[in-house]
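Scroll down for the structure; my scribbles are underneath it.
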2 protein chains.
Amino acid sequence: MAAVRRMGPPDSATSSALLDAAERVLRNEGYGAASSRRIAEEAGVKQQLVYYYFRTMDDLLLACFQRRTARALARLTEDVASNQPAHAVWWTLSDSQDARLAFEFMALANRHDGIREEIARFLTESRRMTADAIARQCKEQGTDLGPVTPAAAAFLLSTVNVFLGREAATGVTEGHKDIRALIEWALNRID
Amino acid sequence: MAAVRRMGPPDSATSSALLDAAERVLRNEGYGAASSRRIAEEAGVKQQLVYYYFRTMDDLLLACFQRRTARALARLTEDVASNQPAHAVWWTLSDSQDARLAFEFMALANRHDGIREEIARFLTESRRMTADAIARQCKEQGTDLGPVTPAAAAFLLSTVNVFLGREAATGVTEGHKDIRALIEWALNRID
DNA sequence: GTCTATACACCGATAGAC
DNA sequence: GTCTATCGGTGTATAGAC
């Protein structure tokens, strides 16, 4: 029956600043550095304020991820409705900052049940939307992708960028130019 | 000048058991759980023994990764020399346990300089070996992969499995069947 | 080679004053 | 809404006995 602690509204400026700070820490230092003290410092507030706006650290990280997925799904909805859906999805996912953050959340899912479930929901949903858009586009254009089914294309579109971003941050670029060229070639066949 | 602490040999049974334990903890619980206490417990020894065999926790994790890359490069050398190099590389990388561990090390690289450098070296080297083998195979067989250059194929071979493994552990399987079929199709064209 | 004991930093989280 | 103070737990790492 706990839940007696006083708590602030989820839409305040400070709450939002904490979520922004959490994103930066996760992206640049990894989830191992995402402590209440480090995130509060990054946001420029006292550590204890974290627990005024969020019940637990796990709650903060989950809220951070959910804010991201809500934005990503809104953006994806626009992308698949555009007249070059495959290109639009690819360019949205091409943001290197987002890719590194996405990687960190995937890693976090290993020990955070809530985030694991959210990731499963989000990936399944977004991949279906992308696959449907590609299938529709191919049908309209009369394009045959051969062994590359819409579902396979959607998988590649959503995973390749995450690796490109993480590897680039690690100092690896082997094969990156070629894989980008290959994706561009495929996008031009689809759209 | 430090380095005054007494330390054990790097090839003992206990040292090896600690590295095995570290692999299991990393794979199943993530790098956030890879503490000296947790790893010692997993290996069935006292926490302080970790510091008899390894100078720091970072050293242990680096040794763990280096043991893995040494084995992986040896295996890769066999694979690329076989008469179906592409298939051999793919099946080696298809081990889901290895894939999940590889993902964890990629995440660790965000905050561990030594591992980041080792990953950069290993990925660059292994990807070149794979690309060379694919290029050679295509030349011998007279196969034209079109927009899929050997470097692009090597990138996909080394990254797709890592995501398949991590996603499956997260409860996501959307597009997995299709991407496996696509890879198989491509492998049969190459070898 | 392994044990006990222990120092010190940082972690998540709470209580209550202002 | 933000502050100070603080608790118990866990983390890395070391010293010295057996």
Side-chain angles (χ1 to χ4, degrees), chain A residues 1-22 25-26 29-65 104 107-108 110-115, chain B residues 1-22 25-26 29-65 104 107-108 110-115:
Chain A
M1 273 300 137
V4 287
R5 200 175 66 214
R6 230 166 21 116
M7 286 191 52
D11 58 347
S12 74
T14 305
S15 156
S16 181
L18 282 169
L19 293 179
D20 292 342
V25 172
L26 280 171
E29 302 164 41
Y31 73 75
S35 67
S36 61
R37 286 174 166 85
R38 177 74 193 88
I39 289 172
E41 180 196 31
E42 179 74 20
V45 303
K46 295 273 174 186
Q47 178 254 344
Q48 294 90 335
L49 269 188
V50 167
Y51 295 95
Y52 174 66
Y53 289 103
F54 301 92
R55 216 174 56 81
T56 62
M57 273 305 293
D58 275 5
D59 276 14
L60 188 160
L61 294 174
L62 183 57
C64 183
F65 184 67
E104 214 55 46
L108 197 47
N110 210 352
R111 66 167 178 88
H112 191 308
D113 296 341
I115 288 184
Chain B
M1 276 297 139
V4 287
R5 200 175 66 214
R6 224 160 33 110
M7 285 191 55
D11 58 348
S12 73
T14 306
S15 156
S16 181
L18 282 167
L19 293 179
D20 292 342
V25 172
L26 279 171
E29 302 164 42
Y31 74 76
S35 68
S36 59
R37 289 184 210 270
R38 178 73 193 87
I39 290 172
E41 181 195 30
E42 179 74 19
V45 303
K46 295 273 173 185
Q47 178 256 341
Q48 293 90 333
L49 267 189
V50 166
Y51 295 95
Y52 174 67
Y53 289 103
F54 301 93
R55 214 175 58 81
T56 63
M57 273 304 293
D58 275 5
D59 276 12
L60 187 161
L61 294 173
L62 183 58
C64 183
F65 184 67
E104 216 54 47
L108 244 181
N110 209 354
R111 65 167 180 85
H112 192 307
D113 295 341
I115 288 183

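Nothing here was measured: the structure is a model prediction, and the numbers come from that model. Naming convention: chains lettered A, B, ... in sequence-line order (proteins, then strands); numbering from 1 in each chain.
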Salt-bridge test for A:E41 and A:R37: reply yes if a basic N is under 4.0 Å from a carboxylate O, no otherwise.
no
For A:H112 and C:dG12, what is the distance between atoms NE2 and C1' respectively, to the nearest whole Å?
13 Å
Rounded to the nearest angstrom, tell me the gap between atom CD1 in A:I39 and atom C1' in C:dG12.
12 Å
Respond yes when some side-chain nitrogen or oxygen of A:T14 is under 4.0 Å from OP1 or OP2 of D:dG1, and no when none is.
no
Report the nucleotide, chosen from D:dT2, D:dT12, C:dT2, that has the shortest atom-to-atom distance to any side-chain atom of B:Y53.
C:dT2
Rounded distance [0.5 Å steps], CD1 in A:I39 versus CE in A:M57
4.0 Å
Rounded distance in Å - CE (A:M57) to P (D:dT10)
18 Å
If you look at every strand shown and take non-hydrogen atoms under 4.0 Å, does B:S12 touch a base, only sugar-phosphate, or nothing?
nothing
Whole angstrom is fine here: how far is it from CD in A:E41 over to P in C:dC10?
11 Å
Taking the side chain of B:S36 as heavy atoms from C-beta outward, which of C:dG12, D:dT12, C:dT2 is closest to it?
D:dT12
Report yes if a donor N or O on one partner sits less than 3.5 Å from an acceptor N or O on the other, where the partners are the side chain of B:R55 and the base of D:dT12; otherwise report no.
no
Output the rounded distance in Å from CE (A:M7) to C1' (C:dA15).
16 Å
I need the CG-P distance between B:L18 and C:dG1, as an integer number of Å.
13 Å
Ignoring the backbone of A:K46, work out which of D:dC3, C:dT2, C:dA13 is nearest its side chain.
D:dC3
Look at the side chain of B:R38 and the base of D:dT10, then say whether one donor and one acceptor between them are separated by less than 3.5 Å.
no
From CD of A:E29 over to P of C:dC10, roughly how many Å is that when rounded to an integer?
14 Å
Closest to the A:R37 side chain, choosing from D:dC3, D:dA13, C:dC11
C:dC11
Considering only C:dA13, D:dG1, D:dT12, which nucleotide approaches the side chain of A:Y52 most closely?
D:dG1
Looking only at non-hydrogen atoms, find the nearest pair between B:Q47 and B:S36 and report the distance.
NE2-OG, 3.2 Å
How many Å lie between CZ on B:R6 and C1' on D:dG16, as a whole number?
9 Å
Counting only side-chain heavy atoms from C-beta out, which of C:dG12, D:dT6, D:dG11 sits nearest to A:Q48?
D:dT6
Out of C:dG12, D:dG1, C:dG1, minimum distance to the side chain of A:P9 belongs to D:dG1
Would the distance check show the side chain of B:S15 and the main-chain N or O of B:Y53 forming a donor-acceptor pair, the cut-off being under 3.5 Å?
no
Check the side chains of B:E29 and A:N110 for a donor-acceptor pair under 3.5 angstrom, ignoring hydrogens and angles.
no
